[in-house]
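Presented below is the structure to which this report refers.
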Amino acid sequence: MIDLRFGTLLKRGVEEIIVEQELTKLLESGRCLRLKQGFDPSSPDIHLGHVAGLRKLRQFQDLGHKVILVIGDWTARIGDPSGQSATRPMLSPQEVEANAETYMKQFFKVIDKDKTEVRWQSEWYGRFTLDDVIRLTSKFTIAQLLAREDFNRRYSSGNPVSLTELLYPLLQGYDSVVIKADVEFGGTDQKFNCLLGRELQQSMGQPSQQVFLVPLLIGTDGSQKMSKSLDNHIAIDETPQEMYGKVMSIPDCLIIDYFELITDAPDEEIAAFKEQMNTGSVNPMNLKKRLAHEIVKQFHDNQAAIEAEEHFTKIFQKGEIPNNIPEYTFTAKYAQSGLYEVDIAPTLLQKELVKSNNELKRLLAQGAIELNGRKLSTSIVDAQDGGTLRIGKRCFIRMAINQAL
RNA sequence: GGAGGGGUGCCGGAGUGGUUAAUCGGAGCAGUCUGUAAAACUGCCGCCUGUUGGGCUACGUAGGUUCGAAUCCUACCCCCUCCA
């Protein structure tokens, strides 16, 4: 039954398609499809977790279809209740706009701008009347909305669920009606909202959209979905070095997923990687280096990927000091024979390299701070101009000494 | 409108007048080990400080009782459950 023409498109990195046959039919019809992708401008940064879905969109675009990017300037006010905490600070129109702009800049690193239509929810919700609200809400029951897993869980465990949150899926669904979506894309956590869009379209005399769900990428912590608020994410605008390093820090068990979801590595190759890992015939680290390279290359370029790899090898595998490290000025009390007595605390605190004095003491006590490779035990050190200070694993700085009188 | 339960540090969650900066778990940070993986072990994990010590801030908010409060009282705010 697998349609060979759409094999990879509909199989690789796809969690679920509702309804697959209908989507295949649509693809075969040769019509230019309207692919809906929503975005709430509450946090502008795109990370690798989003990329899985965006790459799919891109693949559809390459077949000639059109992406409709819906900027959720109204739903952002509610906040997607998929997480735990319900209330988020309201954003000002300026913030929304700035976020949307940043988002789009990143969005079009993956998506073809020429085949994209950008729509703001305020186009339609800006003129919504109570009459419209009542008509919209009358189509659904509490039970229907409580069927959604996270509402249900919160409700039955006695946590608050606000009325506006219940509205969220309705608004998202209505977006599909307005833009006449043929297919809506999202992570598996979007399933409920997307399905509700199908019902709404049908009840308003439109054909129901198909729902294309991609798996949620697990974050660098190896256990939870990648998200900015969990701080386990790799943003697509990170520096090559950061990006490379973060990919290297993911657990081995995620390597294959990452290859599948966010790289172009051919299926056969990935299958081979899998086999090699299972039989232990390859050091997973080498696969991970390959993965990190691919990813950096995708969002920067090949040269950047090579350099990031060199940097990684140098610093973390050979334990050397990086080439370009930031220089900070430290004030010395006095000097004798080329050595300055310096208290490193004020500068580190001022530059926020350590959070507080207590933190600094803790780091010192635990041997986390080195000067020229020697562990320090107090913040008062004898240093020469140009000495290298290392704080924790990854923070290096060069000391420029400024002698006070 | 009525009855009851609850708001504790990043999160979960103990603690019901003093030895509580607050048990415990998770997250996080650091060290050892290593492949900046996993696992493991160790230490830290509010802020300031003259650091085997001292001070400040903190248990929804504001007051009060007390030598002393997260713990008692009053008011207020918020959340949950049940009844109407």
Side-chain angles (χ1 to χ4, degrees), chain A residues 81 83-88 146 151-165 218-234 238-259 273-274 276-278 280-293 295-296 308-322 343 345-346 348-350 352-371 373-380 389-396:
Chain A
Q84 273 288 334
S85 57
T87 42
R88 289 193 197 180
L146 280 183
F151 284 152
N152 200 333
R153 199 186 54 236
R154 278 162 58 194
Y155 183 71
S156 46
S157 65
N159 287 318
V161 177
S162 76
L163 277 176
T164 45
E165 286 181 90
I218 303 293
T220 52
D221 61 352
S223 58
Q224 288 180 279
K225 74 164 184 178
M226 186 175 284
S227 100
K228 193 176 180 181
S229 51
L230 293 173
D231 200 27
N232 62 357
H233 73 297
I234 305 177
E238 305 212 40
T239 64
Q241 284 179 10
E242 280 290 307
M243 192 178 265
Y244 194 96
K246 284 192 181 182
V247 175
M248 288 308 287
S249 76
I250 66 168
D252 293 349
C253 59
L254 296 181
I255 295 175
I256 298 296
D257 279 355
Y258 274 50
F259 266 118
F273 290 163
K274 216 177 196 166
Q276 288 165 2
M277 277 184 49
N278 286 341
S281 64
V282 68
N283 182 345
M285 182 191 64
N286 292 326
L287 292 183
K288 212 148 72 173
K289 281 181 135 180
R290 166 78 189 279
L291 174 68
H293 185 100
I295 289 172
V296 174
E309 181 159 352
E310 281 166 1
H311 177 263
F312 176 83
T313 309
K314 186 175 157 80
I315 309 312
F316 297 109
Q317 300 196 294
K318 296 189 184 150
E320 293 170 13
I321 293 162
D343 184 357
L348 296 186
L349 281 168
Q350 195 201 334
E352 295 183 340
L353 297 166
V354 295
K355 281 202 280 290
S356 66
N357 248 316
N358 280 346
E359 168 104 357
L360 175 60
K361 268 172 219 150
R362 205 176 298 143
L363 290 168
L364 284 166
Q366 297 180 146
I369 300 188
E370 296 179 357
L371 174 61
R374 296 176 62 182
K375 287 183 181 174
L376 300 178
S377 54
T378 84
S379 70
I380 313 273
L389 206 56
R390 180 176 190 165
I391 301 140
K393 276 188 264 233
R394 350 179 341 180
C395 178
F396 292 88

- [ ] Using the P atoms only, state how far B/G9 lies from B/A58, rounded to an integer number of Å.
- [x] 13 Å
TODO: Compare every heavy atom of A/Leu360 with every heavy atom of A/Ala345, then report the nearest pair and how far apart it is.
DONE: CB-CD2, 3.5 Å
So which protein nitrogen or oxygen atoms get under 3.5 Å of nucleotides 31-34 of chain B's nitrogens or oxygens?
{"unit_1": "B/G31", "atom_1": "O4'", "unit_2": "A/Gln366", "atom_2": "O", "d": "3.4"}
{"unit_1": "B/G31", "atom_1": "O3'", "unit_2": "A/Lys375", "atom_2": "NZ", "d": "3.4"}
{"unit_1": "B/U32", "atom_1": "OP1", "unit_2": "A/Lys375", "atom_2": "NZ", "d": "3.3"}

Tell me, yes or no, whether the heavy-atom count around [X] atom [atom1], taken from other residues, nucleotides or ligands under 6.0 Å, exceeds 12.
X: A/Lys228; atom1: NZ; result: yes
X: A/Tyr155; atom1: OH; result: no
X: A/Lys314; atom1: NZ; result: yes

Could you list, one pair per line, each protein nitrogen or oxygen that sits under 3.5 Å from a nitrogen or oxygen of nucleotides 79-84 of chain B, together with the distance?
none

Open item on the list: Under 3.5 Å, is there a donor on one side chain and an acceptor on the other for A/Thr239 and A/Glu242?
Closed with: no
Open item on the list: We want to know whether A/Thr220 and A/Asn232 form a side-chain donor-acceptor pair, criterion being a heavy-atom distance below 3.5 angstrom.
Closed with: no
- [ ] Taking salt bridge (charged side-chain N to carboxylate O under 4.0 Å, His left out) as the test, write out the residues that go with A/Asp252, two or more places apart.
- [x] A/Lys288
TODO: Report the residues that fulfil salt bridge (charged side-chain N to carboxylate O under 4.0 Å, His left out) with A/Glu370, sequence neighbours left out, ordered by chain and then residue number.
DONE: none
- [ ] Take atom CE of A/Met248 and atom C1' of B/A38, then tell me their distance rounded to the nearest Å.
- [x] 14 Å
Write down the protein N/O and nucleotide N/O pairs, taken from nucleotides 46-49 of chain B, whose separation is under 3.5 Å; answer none if there are no such pairs.
{"unit_1": "B/C47", "atom_1": "OP1", "unit_2": "A/Ser356", "atom_2": "OG", "d": "3.0"}
{"unit_1": "B/C47", "atom_1": "OP2", "unit_2": "A/Asn358", "atom_2": "ND2", "d": "3.4"}
{"unit_1": "B/C48", "atom_1": "OP1", "unit_2": "A/Asn357", "atom_2": "N", "d": "3.0"}
{"unit_1": "B/C48", "atom_1": "OP2", "unit_2": "A/Asn357", "atom_2": "N", "d": "3.2"}
{"unit_1": "B/C48", "atom_1": "OP2", "unit_2": "A/Asn358", "atom_2": "N", "d": "3.0"}
{"unit_1": "B/U49", "atom_1": "OP1", "unit_2": "A/Asn357", "atom_2": "ND2", "d": "3.4"}
{"unit_1": "B/U49", "atom_1": "OP2", "unit_2": "A/Asn357", "atom_2": "ND2", "d": "2.5"}

Between the protein and nucleotides 5-11 of chain B, list every N/O to N/O distance that falls short of 3.5 Å.
none

Open item on the list: Just to be sure I understand the rule, does A/Ile250 reach a base, reach only the sugar-phosphate, or reach nothing, if contact means heavy atoms closer than 4.0 Å?
Closed with: sugar-phosphate
Open item on the list: Considering every strand and a 4.0 Å limit on heavy-atom distances, what is the contact class for A/Lys289: base, sugar-phosphate, or nothing?
Closed with: nothing
